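Taking it in order: structure first as structure tokens, then the write-up.
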Amino acid sequence: MMGSASLLRCEAIAWVDEDWPGWVRVRLVDADGRTWFFVDKVPIFFDDAIPPGAPLPELAFMRCYVVGQQEDQVLVVSTVPDHVKAEDGTTQFRVRPSDVERRA
């Protein structure tokens with residue numbers, strides 16, 4: 001069973017739709033240097049809504065579960081808490097521990 005959700009650091013890079021609630025494109029660079037892109041509603045990536053048209057890039061976070069840790073200390077995370085998928089449908093990523101903020 002997975003524990004409580006953690007926060008995965010990413011970067012909002014572009015507005016897709018500024019109409020409420022706003023949709024943004026977000027970039028994640030994984031532990032292997034691969035870049036992943038996500039598009040979803042602003043509340044998925046920000047606790048406090050950013051105003052439509054706010055300047056980007058902006059630090060963002062998505063909820064994730066840590067599902068494993070590999071021998072090289074890289075974490076494997078799943079973005080299933082909010083049903084967020086990369087543009088190609090991927091939901092599990094190898095990330096650096098410094099990119100994950102664990103919630104109590």
Side-chain angles (χ1 to χ4, degrees):
M1 180 175 160
M2 292 183 231
S4 63
S6 296
L7 296 175
L8 178 59
R9 182 184 308 266
C10 51
E11 184 178 39
I13 58 170
W15 286 96
V16 175
D17 185 346
E18 294 181 18
D19 290 337
W20 188 90
W23 288 71
V24 289
R25 189 165 195 232
V26 169
R27 173 177 52 212
L28 167 69
V29 179
D30 71 13
D32 301 312
R34 180 172 177 184
T35 301
W36 302 87
F37 295 98
F38 306 80
V39 173
D40 216 315
K41 297 177 285 300
V42 166
I44 295 293
F45 303 110
F46 297 96
D47 281 340
D48 296 321
I50 60 174
L56 298 176
E58 183 70 40
L59 178 64
F61 294 91
M62 68 181 98
R63 292 190 322 144
C64 67
Y65 290 127
V66 175
V67 296
Q69 183 168 358
Q70 299 181 334
E71 291 178 13
D72 55 3
Q73 302 304 309
V74 168
L75 299 177
V76 177
V77 298
S78 170
T79 56
V80 299
D82 292 320
H83 309 286
V84 176
K85 296 178 183 176
E87 290 180 334
D88 71 352
T90 301
T91 60
Q92 284 199 358
F93 306 91
R94 287 174 30 91
V95 298
R96 293 173 291 284
S98 60
D99 288 332
V100 176
E101 293 185 11
R102 299 198 187 233
R103 287 188 161 171

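Here the structure is a predicted model, which is why all the values come from computation and not from measurement.
When the side chains of ILVMFWY residues are joined at heavy-atom separations under 4.5 Å, either directly or via intervening members, Leu56 and Trp23 end up in two distinct hydrophobic clusters. Under the 4.5 Å side-chain heavy-atom criterion for Ile, Leu, Val, Met, Phe, Trp and Tyr, Leu7 and Ile44 are members of distinct hydrophobic clusters.
Here the side chains of Val42 and Ile50 are in contact, with some heavy-atom distance below 4.5 Å. Residues Gln92 and Val67 are in side-chain contact: their nearest non-hydrogen atoms beyond the backbone lie under 4.5 Å apart. Using a 4.5 Å cut-off on side-chain heavy atoms (C-beta onward), Val100 and Val66 make contact. In this structure, the side chains of Leu8 and Asp99 come closer than 4.5 Å at one or more pairs of heavy atoms. Counting heavy atoms from C-beta on, the side chains of Val39 and Glu87 come closer than 4.5 Å. With a 4.5 Å cut-off on side-chain heavy atoms, Phe37 and Val26 do not count as touching. Glu101 places none of its side-chain heavy atoms less than 4.5 Å from the side chain of Ser6.
Arg9 forms no cation-pi arrangement with Phe61, by the criterion of a distance under 6.0 Å to the ring centre and an angle within 45° of the ring axis.
Scanning both residues, Glu11 and Pro57, for their nearest heavy atoms gives OE2-CB, 3.2 Å. The two residues Ala54 and Trp15 make their nearest non-hydrogen contact at O-NE1, 2.8 Å. Across Ala5 and Pro81, no two heavy atoms sit closer than the pair CB-CG, 4.4 Å.
With Asp17 contributing its side chain and Asp19 its backbone, the two residues share a donor-acceptor pair below 3.5 Å. Using a distance-only test at 3.5 Å, with no hydrogens or angles considered, no donor-acceptor pair links the side chain of Asp82 to the main chain of Val84.
Scanning for side-chain contact (heavy atoms from CB on, under 4.5 Å) contacts around Ser98 gives Arg96, with sequence neighbours left out.
Of the N and O atoms on the side chains of Asp30 and Trp36, at least one donor lies less than 3.5 Å from an acceptor on the other residue.
For an aromatic pair to be called close, the ring centres must be under 6.0 Å apart, and Phe93 with Tyr65 fails this.
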